[in-house]
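Please read the structure below before turning to the comments.
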Amino acid sequence: VELVGEAARNRRPEELLPLRQALESVLAIREDRLALIAADEAYHLGIARLAGNGVLLTFLRTLLGLLRPAKQSLMLSSGDRGQTDREHVELFRCLLAGDAERAQTVMREHIAKGRSLLLEHLNTMPGTVEENEK
């Protein structure tokens, strides 16, 4: 959350073109789950680069790598995907406008939704052998 706020405060307009291209990649991918995860990671890492904090960028890169296996097995509904796309676009708009507070609010919501989806996925995992035999 802090990274997106710093990115909004510190960004220079010329630095936003690669981030826009990363956003366009995320929005264009529809069927290839692995490509979508890679594009999503590139978008979030692009935001972190704009913030200019190398330590937090490294931390985020590590965190995204740890989350990747869970995200690979998580299937998004069309509604969830639409919401995620809207959040990504809104984050970019906040960065473009330099609106750090709004960017942080959107990122908090984005993280909360992602966390909720992952927890929901974990709760639908198959039970133990004994439970499945009942």
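Residues Leu60 and Ile47 have side chains not in contact (no heavy-atom distance under 4.5 Å, counting atoms from C-beta outward). Taking 4.5 Å as the limit, every side-chain heavy atom of Leu19 sits out of range of all side-chain heavy atoms of Arg49. Val89 places a side-chain heavy atom less than 4.5 Å from the side chain of Leu27.
The minimum heavy-atom distance between Leu118 and Ala70, with the atom names listed, is CD2-CB, 3.8 Å. Taking all atoms of both residues into account, the shortest heavy-atom contact from Ala51 to Asn10 is O-ND2, 3.4 Å. A pairwise comparison of heavy atoms in Ala35 and Ile29 identifies O-CD1, 3.4 Å as the closest pair. Between Gln104 and Val1 the shortest heavy-atom distance is CG-O, 3.4 Å. Residue Cys94 comes nearest to Ala8 through the heavy atom pair O-CB, 4.4 Å, listed as atom of the first residue, atom of the second, then distance. Closest non-hydrogen pair, Leu57 versus Ala48, comes out as CD1-CB, 3.6 Å.
Within the structure, no pair that satisfies the ring pair (Phe, Tyr, Trp, His ring centres under 6.0 Å) test touches residues 11-32, not counting sequence neighbours. The stretch residues 46-82 participates, sequence neighbours left out, in no ring pair (Phe, Tyr, Trp, His ring centres under 6.0 Å) pair at all. Under the salt bridge (Lys or Arg N to Asp or Glu O under 4.0 Å) criterion, the residue pairs touching residues 97-106 are Glu90-Arg102, with sequence neighbours excluded. The side chain to side chain donor-acceptor pair (under 3.5 Å) pairs that include a residue from residues 60-74 are Asp40-Lys71, Glu41-Arg68, Ser73-His121, where partners are two or more places apart or lie in different chains. Under the ring pair (Phe, Tyr, Trp, His ring centres under 6.0 Å) criterion, no residue pair touches residues 1-41, with sequence neighbours excluded. Screening residues 5-28 for ring pair (Phe, Tyr, Trp, His ring centres under 6.0 Å) gives no qualifying pairs among residues at least two apart or on separate chains.
The cluster map of Ile, Leu, Val, Met, Phe, Trp and Tyr, joined by side-chain heavy atoms under 4.5 Å apart, puts Leu67 and Leu36 in different clusters. Cluster annotation: Leu16 is not connected to Leu45 through the hydrophobic network of ILVMFWY side chains, with a link wherever side-chain heavy atoms come within less than 4.5 Å. In the hydrophobic clustering of ILVMFWY residues, with side-chain heavy atoms under 4.5 Å counting as a link, Leu91 and Leu50 come out together. When the side chains of ILVMFWY residues are joined at heavy-atom separations under 4.5 Å, either directly or via intervening members, Leu96 and Leu23 end up in a single hydrophobic cluster. Hydrophobic clustering (ILVMFWY, side-chain heavy atoms < 4.5 Å, transitive): Ile111 and Val4 are in one cluster.
When the ring pair (Phe, Tyr, Trp, His ring centres under 6.0 Å) test is applied to Tyr43, the partners found at least two apart in sequence or on another chain are His88. Looking at residues two or more places apart in sequence or on another chain, you find a salt bridge (Lys or Arg N to Asp or Glu O under 4.0 Å) between Arg20 and Glu24. Scanning for salt bridge (Lys or Arg N to Asp or Glu O under 4.0 Å) contacts around Glu6 gives Arg9, with sequence neighbours left out. Looking at residues two or more places apart in sequence or on another chain, you find a side chain to side chain contact (heavy atoms under 4.5 Å, CB included) between Arg12 and Glu14, Glu15.
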- Start with the C-alpha distance between Asp80 and Lys113, add both sets of side-chain angles, then the distance that settles side-chain contact (heavy atoms from CB on, under 4.5 Å), and finish with yes or no. CA-CA 9 Å; Asp80 290 334; Lys113 179 63 177 175; 3.2 Å; yes
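To the nearest 0.5 Å, atom CG of residue Leu56 and atom CD of residue Glu2 are 9.0 Å apart.
Applying the side chain to side chain donor-acceptor pair (under 3.5 Å) test between His110 and each of Glu87, Gln83, Arg115 identifies Glu87 as the sole match.
In the hydrophobic clustering (ILVMFWY side chains linked at under 4.5 Å, chained through shared members), Val55 stands by itself. Residues near Ile37 contribute nothing to a hydrophobic cluster around it, because no ILVMFWY side-chain heavy atom sits closer than 4.5 Å to its side chain.
A side-chain donor-acceptor contact under 3.5 Å links Arg11 to the backbone of Leu95.
In the displayed structure, Arg33 atom CZ is contacted under 6.0 Å by more than 12 heavy atoms of other residues, nucleotides or ligands.
Arg30 and Asp85 are joined by a salt bridge, as a carboxylate oxygen and a charged side-chain nitrogen come within less than 4.0 angstrom of each other.
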